[in-house]
Amino acid sequence: MSSQSAPASRGFVHRRRRGAELALLLLSLAVGIGAYLAVGLGVDGTVPVDLLTYGAWLALLVIACHVVIRLVAPYADPVLLPVVSSLNGLGLAVIHRIDLANEAKGSGFGPFAGTQLTWMTLGAGLFVAVLLLLRDHRRLQSLTYTAGLAAIVLLLMPLVPGLGRTINGSRIWIGVGPFSFQPGEVAKVLLVVAFAGYLVVHRDALALAGRRFLFVDLPRGRDLGPIVAMWLISLGILVFQRDLGSSLLFFGLFLVMLYIATERPGWLVVGGALFVGGAYAGWLALSHVQARVAAWLDPFGSDVDAYQLVQGLYGMAWGGLVGRGLGQGRPDITPLSWSDFIVTAIGEELGLTGVMAVILLYGILVERALRTALICRDNFGKLMAAGLGVVVALQVFVVIGGVTRLIPLTGLTTPFLSQGGSSLIANWVIVALLVRISDQARRPPPQLLSSDDDDADATQVVRMR
Amino acid sequence: MSELTLVLIRFAYLAILWILVLSCISVIRSDMFGARVPREAGRSDRRSDRRSERRSDKRKQAKGGRPKRGAPTAVAIVEGAQAGETVSLEQAPLLIGRGHDAAIRLDDDYVSTRHARIGVSGDQWYVEDLGSTNGTYVGSSRITQPTALQLGTRVRIGKTVLELRK
């Protein structure tokens with residue numbers, strides 16, 4: 001990882017761009033509220049009666065976030081919040097649309113949109129709270145091991161008898177009374193903090209010690225410890241919680257962060273080999289992995305149970321290039337189209353054009369995270385921003401790749417779109433952290449004489465306030 | 001709701017979605033260029049860009065119009081493998097180190113990638129160590145904080161000695 005912050009040191013000053021953010025936010029509200037309006041017109045042929053209250057609530061949430069950014073993070077990246085608010089608004093409208101279809105059919109599922117809006121409100125509240133309480137992301141570095149421990153405890157919680165719940169074959173939920181929660185979603189944020197804090201201290205040992213073997217720089221045996229431990233944890237999740245998606249996410253996240261921290265492709269070779277070995281072993285040993293691979297290779301085969309995947313594919317094919325129009329398709333035929341398969345619902349009603357726009361929005365989000373990592377002045381912030389971007393990127397890749405049959409389907413939520421409270425609030429926290437880091441990164445560099453911030457780059461001192 | 005209206009709504013919505021995507025990209029594009037202001041003006045972040053631009057123009061004129069007598073204009077390497085080289089101070093602050101992005105690049109095993117920095121505050125020049133492994137010495141003492149430089153003060157970095165020249 002290069003410790004240079006290229007543009008910041010050359011008399012290049014980022015503008016604040018808060019006005020641009022506001023303009024983009026208004027456009028993103030048009031996307032969210034417009035989708036709700038189009039759903040109402042498409043399904044019932046009338047303007048929804050609660051359009052004004054719904055729109056006002058959405059606008060209130062988004063504008064409140066914007067005002068808080070203006071107050072406490074004035075240099076933050078202007079594109080992050082609009083992208084998130086448009087994805088979330090679109091997701092809400094599509095979930096509402098599937099609710100209407102489920103209601104008409106009397107399938108007994110849902111409605112989900114109301115609770116999703118509550119979770120979004122909570123997510124926006126957490127966004128504001130993170131920005132207000134965390135004024136300097138480097139304070140998180142002192143929580144490296146606390147965060148790691150908390151993440152492992154959260155990951156193990158679903159396995160506790162009486163607390164954990166098995167839904168759809170995966171034991172990744174905990175239930176307290178009527179509420180269920182996926183602790184793995186919160187754990188992924190904590191793991192990014194823990195990995196970043198660990199790697200920023202140990203990256204020299206990981207990068208410099210090692211020997212060359214067959215043109216690949218292999219790391220030293222004792223430095224392999226953490227990566228092997230991480231591999232075992234992800235395999236444990238795979239085996240005991242039957243959750244392919246999360247194990248893939250955590251292992252991939254650790255591998256990419258290790259690569260970013262050390263700049264050594266050897267880690268990718270080692271990690272890739274471990275991944276292939278683990279995946280093959282999982283395929284041999286676990287029947288549900290075999291079923292997923294079989295459905296991926298031949299979903300239309302007669303002896304394969306791939307109803308969901310096939311319905312999703314039919315839906316996207318029916319949508320074609322420009323879609324059926326919101327409210328005009330049949331996205332409710334696909335099971336779980338409001339959560340894992342929401343992309344196929346968007347593909348059916350907005351077509352390839354809409355799905356491409358959604359994927360591009362995710363691309364922009366990830367690009368801004370990586371750009372923040374590039375211009376950030378301290379290594380911890382660099383690693384954390386890159387890690388948070390990678391979490392979103394991997395999650396989008398795994399779930400959209402899964403439903404479009406690029407890779408075997410593994411259950412993960414689509415960030416900001418899918419129904420699911422734990423995922424939504426975790427992703428809002430991720431964006432809040434990105435906003436905080438980008439504010440620090442884009443702020444004009446402090447004066448030479450009082451440049452404690454620049455020292456932190458080289459000496460990695462966490463300044464406590 | 002007629003068929004035509006629904007088709008129009010469908011395309012209008014797709015258009016809004018893409019307008020959002022393209023506006024995001026255009027904001028990113030304009031963001032790449034930033035506000036290009038000299039370092040001194042960069043500090044006046046509370047003021048608008050235009051004002052700081054004007055300020056910096058004035059400053060440049062003042063600098064170019066009558067250069068102060070006795071003000072250093074260059075750093076010279078006086079000892080070490082690269083002895084004899086000089087680097088202009090115009091683009092201060094100058095980064096000294098072994099890295100490829102350093103303004104003064106020293107090919108010396110005892111120099112860190114980002115070793116030290118020479119900068120200016122008002123009329124006073126400073127050298128600042130950036131957490132290097134082997135340290136930066138002014139005279140015979142290793143510096144721990146930004147240290148003022150006069151013309152001819154010897155700054156030792158690794159096997160190299162630098163000084164400010166007129």
Side-chain angles (χ1 to χ4, degrees), chain A residues 2-4 6-7 9-15 17 20-21 23-24 27-28 30-31 34-35 37-38 41-42 45-46 75 77-79 82-83 86 90 322-328 350-351 353-354 357-358 360-361 364 367-368 371 443-449 451 454-455 457-460, chain B residues 1-2 5-7 9-28 30-45 49 52 56 91-93 95 99-102 112-115 117-121 124 126 128-132 145-146:
Chain A
S2 147
S3 54
Q4 255 305 305
S9 56
R10 297 282 156 83
F12 175 99
V13 179
H14 284 283
R15 284 183 283 159
R17 309 308 305 276
E21 182 182 74
L24 287 180
L27 209 51
S28 82
V31 166
L37 175 66
L41 289 175
T46 54
Y75 285 94
D77 195 290
V79 189
V83 166
S86 56
L90 179 64
V322 292
R324 309 308 303 173
L326 279 169
Q328 305 292 301
L350 294 175
T353 322
V358 168
L360 264 181
L361 285 174
I364 289 171
E367 192 270 342
R368 290 330 278 172
R371 159 82 13 208
R443 218 171 261 265
Q447 240 175 303
L448 189 61
L449 288 177
S451 61
D454 280 51
D455 282 351
D457 190 12
T459 57
Q460 287 150 16
Chain B
M1 193 72 11
S2 76
T5 332
L6 287 174
V7 170
I9 291 173
R10 188 205 301 176
F11 281 99
Y13 187 71
L14 286 176
I16 294 178
L17 205 55
W18 275 95
I19 288 172
L20 173 77
V21 172
L22 296 177
S23 340
C24 284
I25 293 172
S26 93
V27 168
I28 294 174
S30 61
D31 198 60
M32 290 202 309
F33 303 107
R36 195 167 280 282
V37 289
R39 191 171 171 91
E40 294 90 331
R43 269 181 233 134
S44 61
D45 49 69
D49 293 342
S52 53
S56 66
Q91 277 164 0
L95 180 67
H100 56 84
D101 48 353
S112 299
T113 315
R114 301 180 73 216
H115 196 107
R117 186 162 52 183
I118 291 184
V120 69
S121 171
Q124 185 61 60
Y126 288 89
E128 183 193 13
D129 189 79
L130 297 172
S132 64
Q145 56 186 19

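Within every chain, numbering begins at 1; the chains are lettered A, B, ... in the order of the sequence lines, protein sequences first and strands thereafter.
- The shortest non-hydrogen separation linking B/Leu17 to A/Val31 is CD1-CG1, 3.6 Å.
- With a 4.5 angstrom heavy-atom cutoff, A/Leu24 touches chain B via backbone and side-chain atoms both.
- A heavy-atom distance below 4.5 Å is not found between the side chains of A/Leu37 and B/Ile9.
- Of the atoms belonging to A/Ala35, heavy atoms from both backbone and side chain fall under 4.5 Å from chain B.
- Interface residue A/Arg368: only side-chain heavy atoms are found under 4.5 Å from chain B.
- For a residue to count as touching a neighbouring chain, one of its non-hydrogen atoms must lie under 4.5 Å from one of that chain's; by this rule B/Leu6 touches chain A with the side chain only.
- When each of A/Val83, A/Leu90, A/Thr353, A/Thr46 is checked for heavy-atom pairs under 4.5 Å with chain B, A/Thr353 comes out on top.
- With sequence neighbours excluded, the residues satisfying side-chain contact (heavy atoms from CB on, under 4.5 Å) with B/Arg10 are A/Val322, B/Val7.
- For A/Leu360, the part sitting under 4.5 Å from any heavy atom of chain B is the side chain, from C-beta outward, and nothing else.
- Counting all heavy atoms, side chain and backbone alike, B/Val27 lies closest to A/Pro78 at CG1-CG, 3.9 Å.
- Of the two parts of B/Leu22, neither the backbone nor the side chain holds a non-hydrogen atom closer than 4.5 Å to a non-hydrogen atom of chain A.
- Heavy-atom minimum distance, A/Ala357 versus B/Trp18: N-CZ2, 3.7 Å.
- Minimum interatomic distance between A/Leu27 and B/Ser23 (heavy atoms only, all atoms of both residues): CD2-OG, 3.2 Å.
- Under the rule for a side-chain contact (heavy atoms from CB on, under 4.5 Å), the partners of A/Ala30 that lie at least two apart in sequence or sit in another chain are B/Ile16.
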*Hey, mind stepping through A/Arg17 and B/Ser30 against side-chain hydrogen bond (donor to acceptor under 3.5 Å, both in side chains) and telling me if it holds?*
CA-CA 10 Å; A/Arg17 309 308 305 276; B/Ser30 61; 3.0 Å; yes
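- Residue A/Glu21 does not touch chain B at all, counting heavy-atom pairs closer than 4.5 Å.
- To the nearest 0.5 Å, atoms CG (B/Leu14) and CG (A/Leu350) are separated by 5.5 Å.
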